[in-house]
Amino acid sequence: KPPLELFGLAARLPNRPVAGLIGGEGYVAEVLITDDSPVLRALMVRALTTIGHKVTMAEDGQAAIEILERFAPDLMVLDVEMPRLDGYGVLREMRRRGLFRHTRILMLTSLSKEKDWFKAYKHGAHQYLTKPFKPEELAETVVWLLELTAEQASDHREKELERAELLASEGAQVIRVSRSLSAGSH
């Protein structure tokens, strides 16, 4: 199978020439992968280069900021828990330095609570996936995010932020009620 057909995504990719295994001088999109796990970085690189993306890697948040100062990728896959500067810190720095404008942000982390999801969207993430992940799921999500116009990506992030905020507040209410019931039964 041709590499783009590997995940059934060829028909959905932008009409750009593709490099590497597929031939041609270009690429589908530039992606920055920021994760402190060399094994996960390698897995993500394979999944994304297989479908034609040009990938740059950073081993932590500080390295990501240094890369982002030199070029703006189309999309960044960003872990949260990393040394030197965590994923939320990367998002704060991107906003502070004006590095946010056109880069889509996909948070890929082992943190799976509503509060983590909310925090990611609040800081500017466009999509949130949890580890462990399937390479096909990563590839599909990246293609989907790159298909969105800037307005669609912004609207999606706002809707997810509202949903995450609602879930986080409902979770907090459940905890308060549970504590109240526990306190009353003693």
Side-chain angles (χ1 to χ4, degrees), residues 1-16 18-22 27-61 64 73-82 86-88 90-91 94 102-150 152-168 171:
K1 262 185 172 178
L4 289 176
E5 291 301 325
L6 215 61
F7 302 128
L9 301 173
R12 296 182 50 199
L13 294 170
N15 189 15
R16 281 172 144 168
V18 180
L21 298 170
I22 301 155
Y27 50 87
V28 176
E30 287 187 274
V31 178
L32 173 59
I33 293 173
T34 306
D35 196 298
D36 58 327
S37 167
V39 172
L40 290 179
R41 282 195 314 266
L43 180 63
M44 288 185 262
V45 165
R46 182 165 185 190
L48 297 180
T49 57
T50 298
I51 59 170
H53 296 297
K54 178 181 176 183
V55 176
T56 303
M57 295 182 289
E59 70 277 357
D60 60 41
D74 299 301
L75 184 135
M76 179 167 55
V77 180
L78 181 62
D79 188 14
V80 172
E81 299 176 303
M82 296 180 290
D86 69 12
Y88 302 131
V90 170
L91 295 176
M94 287 176 72
H102 303 291
T103 300
R104 305 291 159 74
I105 308 297
L106 169 58
M107 299 298 284
L108 181 62
T109 179
S110 60
L111 300 176
S112 60
K113 294 183 178 167
E114 287 87 2
K115 67 179 181 137
D116 303 312
W117 190 39
F118 172 71
K119 194 172 181 180
Y121 285 113
K122 184 177 178 184
H123 281 86
H126 294 95
Q127 188 63 9
Y128 194 94
L129 292 178
T130 56
K131 297 174 186 174
F133 66 95
K134 294 179 181 171
E136 307 83 34
E137 178 184 25
L138 173 65
E140 175 73 24
T141 303
V142 165
V143 168
W144 174 76
L145 277 172
L146 291 169
E147 286 178 332
L148 299 177
T149 65
Q152 289 170 327
S154 179
D155 289 348
H156 170 74
R157 192 184 78 71
E158 289 300 319
K159 287 176 187 169
E160 289 299 312
L161 179 59
E162 289 172 18
R163 195 169 113 194
E165 187 173 28
L166 179 64
L167 288 171

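Numbering starts at 1 and runs along the sequence shown. What's counted below: heavy atoms across the whole structure, side chains too, no hydrogens, waters or symmetry copies.
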Nearest non-hydrogen partners of [X] and [Y], listed with the distance:
X: Ala47; Y: Ala139; value: O-CB, 4.4 Å
X: Leu43; Y: Pro135; value: CD1-CG, 3.8 Å
X: Thr34; Y: Met76; value: OG1-SD, 3.7 Å
X: Arg104; Y: Ala153; value: NE-CB, 3.5 Å
X: Thr130; Y: Leu111; value: CG2-O, 3.6 Å

Side-chain heavy atoms of [X] within contact of [Y], under 4.5 Å:
X: His53; Y: Asp74; result: no
X: Leu75; Y: Val142; result: yes
X: Met44; Y: Leu108; result: yes
X: Ser110; Y: Glu81; result: yes
X: His123; Y: Val80; result: no
X: Lys115; Y: Phe118; result: no
X: Leu91; Y: Met107; result: yes
X: Ile105; Y: Met94; result: yes

Rounded to the nearest 0.5 Å, how far apart are [atom1] of [X] and [atom2] of [Y]?
X: Leu138; Y: Ile51; atom1: CG; atom2: CD1; result: 7.5 Å
X: Thr109; Y: Met82; atom1: OG1; atom2: CE; result: 9.0 Å
X: Leu129; Y: Lys134; atom1: CG; atom2: NZ; result: 12.5 Å

Next item on the list: For the pair His156 and Tyr121, name the ring-plane relationship: parallel under 30°, tilted 30 to 60°, perpendicular over 60°.
Entry: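 Perpendicular, since the angle between the ring planes exceeds 60°.
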[X] side chain vs [Y] backbone, donor-acceptor pair below 3.5 Å:
X: Asp60; Y: Asp36; answer: no
X: His126; Y: Leu106; answer: no
X: Ser154; Y: Ala150; answer: no
X: Thr103; Y: Pro73; answer: yes

Note to self: Checking Lys122 against Glu165 for the side-chain contact (heavy atoms from CB on, under 4.5 Å) test, could you report, in this order, the C-alpha distance in whole Å, the side-chain angles of both residues, the deciding distance, and whether it holds?
What the structure shows: CA-CA 9 Å; Lys122 184 177 178 184; Glu165 187 173 28; over 6 Å; no
Margin query: Tell me whether Lys159 at atom NZ has more than 12 heavy atoms from other residues, nucleotides or ligands lying less than 6.0 Å away.
Written below: no
Margin query: Could you check whether Glu160 pairs with Arg163 (Lys NZ or Arg NE/NH1/NH2 to Asp/Glu carboxylate O, under 4.0 Å)?
Written below: yes
